[in-house]
Amino acid sequence: MQTYAVTTATHQRRVLFLRTANSELLLSVLFRYRDQGRYLLHGFAIMPEHLHVLLTPEAGQTIERCVQCIKGGFSFQVRAQFSGEVWQTGFHEHRIRDEQNFQNQLAYISANPKRRHLVDYRFVHTCYLDQIDSMPVRLQGQYLRG
């Protein structure tokens, strides 16, 4: 199983997630597919016009399928209030190589709201630590030697 840091943006970088209801909906989608066993959810930041997620696809799942579930699940549910394209095509993925890389990506994701001056922001994993999956054991204690 590989772990990935994924970033995906809304169509034309529309600020869909300034609306609390949209952020709450995406949050519920993230946890629903995690609870269904699609992936382990290690971190996330739902930003006004993009999403950062740190996840590990479960056995039988690909990173592409996991992102499709997240983006498609949200798009399907938001259709009642919003027509048109929701997401930009595709996503950026970064394969996590070791424990240090995992920690760096997690720190980058959690700092995103602060960098954007979003005070008391609740759509970041640091507000849900009791529901977040820990680092995969295979990464623990593993560092790339250069």
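Just the heavy atoms: all of them, side chains too, but no hydrogens, waters or symmetry mates, feed the values below. Numbers here simply count residues along the sequence, with the first being 1.
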Side-chain donor-acceptor distances from residues 129-136 under 3.5 Å, at least two apart:
| unit_1 | atom_1 | unit_2 | atom_2 | d |
| --- | --- | --- | --- | --- |
| Asp133 | OD2 | Arg34 | NH1 | 3.4 |
| Asp133 | OD2 | Leu41 | N | 2.7 |

Side-chain donor-acceptor pairs under 3.5 Å in residues 5-12, sequence neighbours left out?
| unit_1 | atom_1 | unit_2 | atom_2 | d |
| --- | --- | --- | --- | --- |
| Thr7 | OG1 | His52 | ND1 | 2.9 |
| Thr8 | OG1 | Lys71 | NZ | 3.3 |
| Thr8 | OG1 | Gly90 | O | 3.3 |
| Thr10 | OG1 | Arg14 | N | 2.9 |
| Thr10 | OG1 | Arg14 | O | 2.5 |
| Thr10 | OG1 | Glu49 | O | 3.2 |

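The closest donor-acceptor contact from the side chain of Arg13 to the backbone of His50 lies at 3.5 Å or more, if one exists at all.
For the ring pair (Phe, Tyr, Trp, His ring centres under 6.0 Å) test, residues two or more places apart in sequence or in another chain that qualify with Phe123 are Tyr121. Evaluation of the side chain to side chain donor-acceptor pair (under 3.5 Å) rule for Glu58 yields no partner, not counting sequence neighbours. Listed by chain and residue number, nothing satisfies the ring pair (Phe, Tyr, Trp, His ring centres under 6.0 Å) test with Tyr33 (two or more places apart in sequence, or in another chain). Judged as a side chain to side chain donor-acceptor pair (under 3.5 Å), and not counting sequence neighbours, the contacts of Gln77 are Arg32.
Between the CG atom of Leu30 and the CZ atom of Arg38 there is a distance of 13.5 Å, given to the nearest 0.5 Å. With rounding to the nearest 0.5 Å, the separation of CG in Leu139 from CG in Asp98 is 7.5 Å. Rounding to the nearest 0.5 angstrom, the gap separating the CD1 atom in Ile46 from the CG atom in Asn22 is 10.0 Å. Atom CD1 of Ile109 is separated from atom CG of Leu51 by 9.0 Å, given to the nearest 0.5 angstrom. Taking CG of Asn104 as the reference point, atom CD1 of Ile96 lies at 9.0 Å (rounded to 0.5 Å).
No option in Gln2, His42, Arg138 other than His42 meets the side chain to side chain donor-acceptor pair (under 3.5 Å) test with Thr56.
Residues Phe17 and Phe74 bring their aromatic ring centres within 6.0 Å.
Between Tyr39 and Tyr4, the closest side-chain pair of non-hydrogen atoms is not below 4.5 Å.
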